[in-house]
K.L.:
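Sharing a structure below in structure tokens format, with a few things to ask.
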Amino acid sequence: MINVPEKIFNREFEEIDVGMSTLSFFKKEDLEKAQIGYKYDNKKDSIKNWKGEEFVVIGNDSALGDPIIAKVDEEEIPIYSMFHDDWSSFERVAESFEQYMGILEMIDKTDLHRRDKIIDLLDEIEEIVPEESYYYWEDLINSAHNYLTD
């Protein structure tokens with residue numbers, strides 16, 4: 001059984017639509033099985049390049065299957081993402097689980113059709129995340145806007 005902090009399951013939503021993508025979060029009872037294809041192969045053998053047992057896939061991007069990864073051995077539970085099977089893209093996207101979910105709530109409340117609202121949202125995000133994390137959010141939001149307005 002994978003041991004993760006309970007607060008990962010105490011969230012306001014199971015998924016959020018962001019343009020053409022839906023960011024989905026696994027339920028507690030589905031978490032072990034959800035590691036297959038990311039952390040483990042179909043035989044439940046560890047995938048060679050996986051970062052370590054402290055990294056747990058807690059959700060994914062439905063459009064491409066990109067994992068949402070929590071580092072569960074730190075109190076703040078930083079959140080990472082990567083392109084599926086591309087470790088060179090592995091990056092921290094939020095300093096904590098709360099920060100990650102807070103940004104998703106901000107996105108959910110923003111009209112992603114309106115460029116002026118997106119600019120305001122990105123300015124807010126830029127102030128709360130590290131510089132290297134900002135580009136993840138900028139790309140996610142701009143992709144959603146382009147999808148919704150094309």
K.L.:
Any chance you could lay out the side chain to side chain contact (heavy atoms under 4.5 Å, CB included) test for Tyr100 and Glu95, step after step, and finish with the verdict?
P.N.:
CA-CA 8 Å; Tyr100 186 82; Glu95 296 298 308; over 6 Å; no
K.L.:
How about Val4 and Phe9: do any of their side-chain heavy atoms sit closer than 4.5 Å?
P.N.:
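Sidechains of Phe9 and Val4: in contact.
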K.L.:
Check whether Leu64 and Ile69 end up in the same hydrophobic cluster, where Ile, Leu, Val, Met, Phe, Trp and Tyr are linked by side-chain heavy atoms less than 4.5 Å apart.
P.N.:
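No: no chain of side-chain contacts under 4.5 Å links Leu64 to Ile69.
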K.L.:
Say you draw a straight line from OG of Ser21 to CG of Leu140; how long is it, rounded to the nearest 0.5 Å?
P.N.:
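Answer rounded to 0.5 Å: 6.5 Å.
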K.L.:
Considering non-hydrogen atoms only, spot the tightest contact between Val57 and Leu31 and give its length.
P.N.:
O-CD1, 3.2 Å
K.L.:
Applying side chain to side chain contact (heavy atoms under 4.5 Å, CB included) to Asn3 and Val72, what does each step give before you reach the verdict?
P.N.:
CA-CA 8 Å; Asn3 187 21; Val72 297; over 6 Å; no
K.L.:
Looking at Ile141, Asp120, Leu121, which hits side-chain contact (heavy atoms from CB on, under 4.5 Å) with Met106?
P.N.:
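Among the candidates, only Leu121 passes.
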K.L.:
Check step by step if side chain to side chain contact (heavy atoms under 4.5 Å, CB included) holds for Ser96 and Ile77.
P.N.:
CA-CA 5 Å; Ser96 68; Ile77 311 174; 6.0 Å; no
K.L.:
Other residues, nucleotides and ligands only: do more than 12 of their heavy atoms fall within 6.0 Å of OH on Tyr147?
P.N.:
no
K.L.:
Going by side chain to side chain donor-acceptor pair (under 3.5 Å), name the residues that satisfy it together with Asp116, two or more places apart in sequence or in a different chain.
P.N.:
Arg114
K.L.:
Rounded to the nearest 0.5 Å, how far does CG of Asp108 lie from CE of Met101?
P.N.:
10.0 Å
K.L.:
If you take all heavy atoms of Gly19 and Leu148, which pair is closest and at what distance?
P.N.:
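Shortest heavy-atom separation between Gly19 and Leu148 comes out as CA-CG, 4.1 Å.
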K.L.:
Mind listing the closest non-hydrogen atom pair of Glu75 and Lys7 along with its distance?
P.N.:
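Distance-wise, the nearest heavy atoms are O-NZ, 3.5 Å.
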K.L.:
Which atom names give the shortest non-hydrogen contact between Ile8 and Ala70, and what distance separates them?
P.N.:
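Distance-wise, the nearest heavy atoms are CD1-CB, 4.0 Å.
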K.L.:
Look up atom CG in Leu112 and atom CD1 in Ile107, then write down how far apart they are to the nearest 0.5 Å.
P.N.:
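Spacing of CG (Leu112) from CD1 (Ile107) equals 7.0 Å.
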K.L.:
Could you tell me if the side chain of Ile68 sits less than 4.5 Å from the side chain of Ile79, heavy atoms only?
P.N.:
yes
K.L.:
Please list all pairs meeting ring pair (Phe, Tyr, Trp, His ring centres under 6.0 Å) that have one or both residues in residues 14-38, counting only residues at least two apart or in different chains.
P.N.:
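Sorted result for residues 14-38: Tyr38-His84.
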K.L.:
Can you list everything that forms a salt bridge (Lys or Arg N to Asp or Glu O under 4.0 Å) with Glu74? Sequence neighbours excluded, please.
P.N.:
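For Glu74, the residues satisfying salt bridge (Lys or Arg N to Asp or Glu O under 4.0 Å) (neighbours in sequence not counted) are Lys71.
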K.L.:
Taking only residues two or more places apart in sequence or in another chain, which ones pass salt bridge (Lys or Arg N to Asp or Glu O under 4.0 Å) with Arg11?
P.N.:
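So Arg11 forms a salt bridge (Lys or Arg N to Asp or Glu O under 4.0 Å) with Glu14.
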K.L.:
When rounded to the nearest 0.5 angstrom, what distance separates NZ in Lys117 from CG in Asp111?
P.N.:
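Lys117 NZ to Asp111 CG: 8.0 Å, rounded to 0.5 Å.
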K.L.:
Among pairs that include at least one residue of residues 52-77, which meet ring pair (Phe, Tyr, Trp, His ring centres under 6.0 Å), considering only residues two or more places apart or in two chains?
P.N.:
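Found Phe55-Tyr80, Phe55-Phe90.
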K.L.:
Between the main-chain N or O of Phe83 and the side-chain N or O of Ser89, is there a donor-acceptor pair closer than 3.5 Å?
P.N.:
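Between the backbone of Phe83 and the side chain of Ser89 there is a qualifying donor-acceptor contact (under 3.5 Å).
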K.L.:
Please find the pair of heavy atoms, one from Met82 and one from Pro67, that lie closest to each other, and give the distance.
P.N.:
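It is O-CD, 3.4 Å.
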K.L.:
Could you tabulate the donor-acceptor pairs under 3.5 Å formed by side-chain atoms of residues 124-139, not counting sequence neighbours?
P.N.:
{"unit_1": "Ser133", "atom_1": "OG", "unit_2": "Arg92", "atom_2": "O", "d": "2.7"}
{"unit_1": "Trp137", "atom_1": "NE1", "unit_2": "Val93", "atom_2": "O", "d": "2.8"}

K.L.:
Could you state the interatomic distance from CD (Glu98) to CD1 (Ile103), rounded to the nearest 0.5 Å?
P.N.:
12.0 Å
K.L.:
Are the side chains of Asn142 and Leu122 in touch, meaning some heavy atoms are under 4.5 Å apart?
P.N.:
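In contact.
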K.L.:
Show your working on side chain to side chain contact (heavy atoms under 4.5 Å, CB included) between Leu104 and Leu23 and close with a plain yes or no.
P.N.:
CA-CA 9 Å; Leu104 290 182; Leu23 300 180; 3.6 Å; yes
